[in-house]
Colleague: 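Below is one structure. I have some questions about it.
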Amino acid sequence: TTVLGIAGIVLSLPAWFYFLRGAVRLYRLIASGKPDPGHIPRINRPVRRLITLIKETVFHTELMRKPVVAVAHWCVMVGFLIGSSVWFEAYIQTFNPHVWTDFLTMQLAKILPASPVLVSIFALIKLLTGMVWLLVVGNQLHWGVAWHRFLAFFKIFLQRNPDGAPALGKLPTIDLDETVGVGTAQDVPWTMLLDAATCTECGRCQEQCPAWNTNKPLSPKKFITDVRDAAIDNASTMYDGVDVLKLVGTAVTGDELWSCTNCGACVEQCPVDIEHIDHVANLRRFQVLAESDFPSELTGMFKNLEAKG
């Protein structure tokens, strides 16, 4: 069984390499983002933030608007955690088939021949089967459904409000001497990148969006995932500080951007506290202040503001 144990370690190394490489690439992508334009503190009141993280994770408070879905997701989460621990057992079982094991594996062993080598073989199969997941996810950074299992903890802890209140109300004020908003891939703040990478693609934001439900081009889910895909696909330019990708017109269309009503339904519904409104506002700021590109309906209002304040 020692040979099987060593084989398990050696054969699993490529999968761990690709998974950890993917995690490092995501970290580098998020870390390459600019500071939050609103300079909102993200690590103040750490105890309060930790309590919010535990509450939202353990009790699924952000999902309880749909109790059946909340219970189902809680079962999936717990199943993933238990399944992961059972899977990690395989490393031990390949070396020592006599070690204590979980209840399910114990019952399966009773119907098989009493052979320590056979137990180690099955453990090796279990181990390598699980490695397929690591291998695939490590190469698919666009899969928010998979990566939110790891990123959601950071997103919830670093959200705008330490008590978990939705990121609504007054928009954060930006310093125009530092930034005029978000226009290119290099302008994207780390908070936007973290939000985009964490999106679970559940569609709750889209389901409640008045723009989407009145056949406007905006989908809050698609807005976030399109920003994510553009950032990942152009990650190398962001690392190097090269301005090559304008977000509006490539990742997001102007019609999508200006269809948002700022009602906040998407922020209210998001189970991982993504701050859609802040990101829409920062893109709009750049379009107005840097590009002078905005719907013609706003021209009169801007002229009145310029003339009368």
Side-chain angles (χ1 to χ4, degrees), residues 22 25-38 139-148 151 155 171-172 174 176 178-203 205-206 209 211-212 215-262 266-267 270 274-299 302:
R25 287 173 61 195
L26 271 182
Y27 170 78
R28 286 189 63 203
L29 175 67
I30 295 168
S32 70
K34 296 294 188 194
D36 185 1
N139 283 284
Q140 297 293 335
L141 303 187
H142 302 267
W143 287 6
V145 175
W147 285 105
H148 92 277
L151 294 175
K155 173 63 197 117
L171 283 171
I174 65 173
L176 295 180
E178 296 180 2
T179 179
V180 291
V182 177
T184 67
Q186 198 213 344
D187 297 330
V188 177
W190 69 267
T191 49
M192 190 176 190
L193 293 170
L194 178 59
D195 280 4
T198 308
C199 178
T200 67
E201 302 181 43
C202 65
C205 54
Q206 177 177 288
C209 178
W212 175 261
N215 298 317
K216 303 296 190 302
L218 174 67
S219 161
K221 180 181 78 170
K222 185 174 180 293
F223 168 77
I224 292 295
T225 57
D226 284 349
V227 169
R228 176 200 64 202
D229 294 345
I232 291 173
D233 293 341
N234 293 272
S236 60
T237 66
M238 298 176 69
Y239 301 151
D240 300 334
V242 179
D243 274 346
V244 294
L245 176 71
K246 287 188 176 181
L247 293 178
V248 179
T250 52
V252 181
T253 68
D255 286 343
E256 286 178 298
L257 184 64
W258 293 101
S259 291
C260 177
T261 66
N262 281 23
C266 49
V267 178
C270 183
I274 289 174
E275 300 163 14
H276 308 71
I277 300 297
D278 290 13
H279 306 322
V280 168
N282 284 326
L283 287 172
R284 283 176 170 176
R285 282 166 169 158
F286 185 89
Q287 291 303 106
V288 172
L289 298 173
E291 299 289 318
S292 296
D293 182 8
F294 47 83
S296 58
E297 292 85 351
L298 296 177
T299 304
F302 287 153

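Numbering of residues begins at 1 and proceeds along the displayed sequence.
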Colleague: Heavy atoms only: give me the nearest Leu171-Ala281 pair and the separation to one decimal.
Modeller: CD1-CB, 3.7 Å
Colleague: Measuring only between side-chain heavy atoms, which start at C-beta, is Val182 closer than 4.5 Å to Phe286?
Modeller: no
Colleague: Any chance you could measure Cys266, atom SG, to Leu218, atom CG, to the nearest 0.5 Å?
Modeller: 8.0 Å
Colleague: May I have the list of side-chain donor-acceptor pairs in residues 188-195 shorter than 3.5 Å, sequence neighbours left out?
Modeller:
| unit_1 | atom_1 | unit_2 | atom_2 | d |
| --- | --- | --- | --- | --- |
| Asp195 | OD1 | Lys155 | NZ | 3.1 |
| Asp195 | OD2 | Glu275 | N | 3.0 |
| Asp195 | OD2 | His279 | NE2 | 2.7 |

Colleague: Side chain of Trp147, backbone of Gln140: donor and acceptor closer than 3.5 Å?
Modeller: yes
Colleague: Could you measure the distance from the SG atom of Cys199 to the CH2 atom of Trp143? Nearest 0.5 Å is fine.
Modeller: 15.5 Å
Colleague: Looking only at heavy atoms, which two atoms of Ile174 and Gly38 are closest? And how far apart?
Modeller: CG2-N, 4.4 Å
Colleague: How long is the span from the CG atom in Leu176 to the OG1 atom in Thr179, to the nearest 0.5 Å?
Modeller: 8.5 Å
Colleague: Of all heavy-atom pairs between Asn262 and Arg284, which one has the smallest distance, and what is that distance?
Modeller: OD1-NH1, 3.2 Å
Colleague: Is the number of heavy atoms from other residues, nucleotides or ligands within 6.0 Å of CZ (Phe302) greater than 12?
Modeller: yes
Colleague: Please report the shortest heavy-atom distance between Gly181 and Asp187, naming the atom on each side.
Modeller: O-CB, 4.2 Å
Colleague: Closest heavy-atom contact between Leu29 and Ala231?
Modeller: CD1-O, 3.6 Å
Colleague: Please examine the side chains of Leu298 and Trp258, heavy atoms only from C-beta on, and report whether any two atoms are closer than 4.5 Å.
Modeller: yes
Colleague: How many angstroms lie between atom CD1 of Ile224 and atom NE2 of His276, to the nearest 0.5 angstrom?
Modeller: 4.5 Å
Colleague: Which heavy atom of Asn282 sits nearest a heavy atom of Pro37, and at what distance?
Modeller: ND2-CG, 3.8 Å
Colleague: Report the distance from atom SG of Cys209 to atom NZ of Lys216, rounding to the nearest 0.5 Å.
Modeller: 9.5 Å
Colleague: Would you compute the distance between atom CG of Leu151 and atom OH of Tyr27 and round it to the nearest 0.5 angstrom?
Modeller: 13.0 Å
Colleague: Taking salt bridge (Lys or Arg N to Asp or Glu O under 4.0 Å) as the cut-off, I'd like each qualifying pair that reaches into residues 222-232, sequence neighbours left out, listed once.
Modeller: Glu201-Arg228, Lys222-Asp226, Lys222-Glu256
